[in-house]
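Structure record follows, encoded as structure tokens.
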2 protein chains.
Amino acid sequence: MPDNDPMAARSKTSASPAAPAAPAAEPSVPDLLIEGQPELGLRERKKLKTRIAIRRATYRLIKEQGYDATTIEQIAAAAEVSPSTVFRYFATKEDIVLSDEYDPVMVSVLMARPAGEPPLESLRFVIVQAIESFMETDYEELEQRTRLLVEVPALRARMLDSMTETTRLLAEPLAIRVGRAADDLEIRVFTAAFLSALLQTSLWWGERDCQDDLVELLNRTVDLFGSGFRL
Amino acid sequence: MPDNDPMAARSKTSASPAAPAAPAAEPSVPDLLIEGQPELGLRERKKLKTRIAIRRATYRLIKEQGYDATTIEQIAAAAEVSPSTVFRYFATKEDIVLSDEYDPVMVSVLMARPAGEPPLESLRFVIVQAIESFMETDYEELEQRTRLLVEVPALRARMLDSMTETTRLLAEPLAIRVGRAADDLEIRVFTAAFLSALLQTSLWWGERDCQDDLVELLNRTVDLFGSGFRL
DNA sequence: TCTCACTTGAGAGCTACTCTCAAAATATGA
DNA sequence: TCATATTTTGAGAGTAGCTCTCAAGTGAGA
């Protein structure tokens, strides 16, 4: 696992505090994120562009130097905004890498599932669909993100943490579907365990260099849940 | 949920950078941690004392001021050591609150389980035993820790993160017991899901003010696993 | 008692992150 | 088209967690 060489990193940054910033091409706003929106004003479009520019710059710099060696200052310089602006768009450095907008989509997909479907199968559908759509949209990024998750503890921690929120988000509609209270213990435990299992599956995939079929792995994991863990 | 008031915190710290430190009584080394040790030298005893003093000071200050408002400097002052020393004993501020030595104990308990016992039941035994022993030793701390876990996102994140290591630690002996490879996907997923479920159960307990019987809750959670999540 | 290894404190330094304030850009209404 | 209100941005100062180095202090063993 080729980790960041701290010595190299430090001497590099002290030599040139702002990164060697190739000013990056104007980011165009991908259709996916606009779709269905009622005419974005200039302000909104600019914001989206800035957001994307920051993310792109971050991924590029991390690829070149590693996560730890990449500072917010460098990211800001490369994205041609000020450091303050970076923090206005992303709460933490980890969020620049991890943030996505899939959660609400997953919730609406979940709610659209036929009544009476077992919760486990509903979640299977939701997650497989989410992953497949991610793979179609930007397979490259899925892989890089997964690799980073494997390599960088801080990112793993943040991911784990954000799953807490996802758990809450999914647990509520699930509870309703099976006629339980919104804060039901079993529902919550089930959801959290499920998400944790998915993350481990992704990590397993990443650790093996993304060679396997991720969707198949996920299905194996879901099957394991259904079997009552008879190993 | 009474969170830390940042305004109050800031004005307090800027008024008196070092905490109002009641110098704290000499900590005595609890038997539990010495048990079976072959005579601790003076040096080792001192180290243990320092470790305990830091933890005590931290818990006290957090109780008085909240987690975020408590700085390492204050902790160091209250424990009567230098800030550098605090970091020599604990890698992160979160670790001061969370670190324990239960992991290796759990592993050895797990390995002592009868061959042929279903993995789920082995883990049930391990975890119930760990919690019960924690409750006997220091119920107060268990409660305070759980409450902090509920209230402080940073602590939750760190806890989640440390579970990754616990997963690895438990997965290997488990794999051996059922005759699978050490890095088997199913074993790893199972272990991670299980631990995640336990944490959620603890949080649920904490959110309800530690009123319920934690061991009973844990057993419910394990039962849910065995049922194949038929909700 | 002397020496060696370990532990500690002091202090400088880095970076993520927060806050404030004034300037720039955009939206809005006449 | 211009003037005004609202957002967004950059600059800069500040906090705190964490790392590293180095010299001084302290327990262990001969």
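Everything numeric here is computed off the predicted structure, so don't read it as measured data. Protein chains get the first letters and strands the later ones, always in sequence-line order, with residue 1 at the start of each.
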Could you work out which one of [options] sits closest to the side chain of [X]?
X	options	value
A:Ser84	C:dA10, D:dT9, D:dG12	D:dG12
A:Lys47	D:dT8, D:dT9, C:dA16	D:dT8
A:Thr85	D:dG10, C:dT7, D:dC18	D:dG10
A:Thr71	C:dA16, C:dG9, D:dA16	C:dA16

N or O in side chain of A:Tyr89 less than 4.0 angstrom from D:dT8 OP1/OP2: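 For D:dT8, OP1/OP2 do not have a side-chain N/O of A:Tyr89 under 4.0 Å.
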Distance in angstrom units between [X] [atom1] and [N] [atom2], rounded:
X	N	atom1	atom2	answer
B:Gln65	D:dA16	CD	P	11 Å
A:Lys49	C:dA25	NZ	P	15 Å
B:Glu73	C:dA12	CD	C1'	14 Å
B:Arg45	D:dG27	CZ	P	11 Å
B:Ile54	C:dG9	CD1	C1'	13 Å
A:Lys93	C:dT15	NZ	P	9 Å
A:Phe87	C:dT18	CZ	C1'	9 Å
B:Glu80	C:dA10	CD	C1'	18 Å

Please enumerate all residues that pass ring-ring contact (aromatic ring centres under 6.0 Å, His included) together with B:Phe134, with sequence neighbours excluded.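 Here the qualifying residues are B:Tyr102.
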NZ/NE/NH1/NH2 to OD/OE distance under 4.0 Å, B:Arg60 and B:Glu64: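 A salt bridge is present here (some side-chain N lies under 4.0 Å from a carboxylate O).
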Honestly, is B:Lys47 close enough over B:Tyr89, meaning NZ or CZ under 6.0 Å from the six-membered ring centre and within 45° of the axis?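 Judged by the rule, B:Lys47 and B:Tyr89 form no cation-pi pair.
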Geometric cation-pi criterion B:Arg208 and B:Trp205, 6.0 Å radius, 45° cone: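 Judged by the rule, B:Arg208 and B:Trp205 form no cation-pi pair.
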Taking all atoms of both residues into account, what is the closest heavy-atom pair of A:Arg188 and B:Leu203, and its distance?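 Closest approach of A:Arg188 to B:Leu203, heavy atoms only: NH2-CB, 3.4 Å.
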Taking atom CZ of B:Arg147 and atom CG of B:Leu142, what is their separation to the nearest 0.5 Å?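 Answer for the CZ-CG pair, B:Arg147 versus B:Leu142, is 10.0 Å.
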Nearest 0.5 angstrom please: A:Thr58 OG1 to A:Ile72 CD1, how far?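 Between A:Thr58 OG1 and A:Ile72 CD1, I get 7.0 Å after rounding to 0.5 Å.
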For nucleotides 26-28 of chain C, tabulate all protein N/O to nucleotide N/O atom pairs closer than 3.5 Å, reporting atom names and distance.
residue, atom, partner, partner atom, Å
C:dT26, OP1, A:Lys46, NZ, 3.0
C:dT26, O2, A:Arg43, NH2, 2.7
C:dA27, OP1, A:Leu42, N, 3.1
C:dA27, OP1, A:Arg43, N, 2.7

Does the side chain of B:Thr221 come under 3.5 Å of the side chain of B:Thr201 through a donor N or O and an acceptor N or O?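 Looking only at side-chain atoms, B:Thr201 and B:Thr221 do form a donor-acceptor pair, the distance falling under 3.5 Å.
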Would you say the side-chain atoms of B:Thr164 and B:Thr167 include a donor-acceptor pair closer than 3.5 Å?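 No pair is found: no donor N or O on one side chain lies under 3.5 Å from an acceptor on the other.
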At what angle, to 10 degrees, do the two end axes of the helix from C:dT1-D:dA30 to C:dA30-D:dT1 meet, given five pairs define each axis?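 Taking five pairs per end, the axes differ by 20°.
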Counting only distance, no hydrogens or angles, is the base of C:dG9 paired donor-acceptor with the side chain of B:Arg88 under 3.5 Å?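 Side chain to base: pair found, below 3.5 Å.
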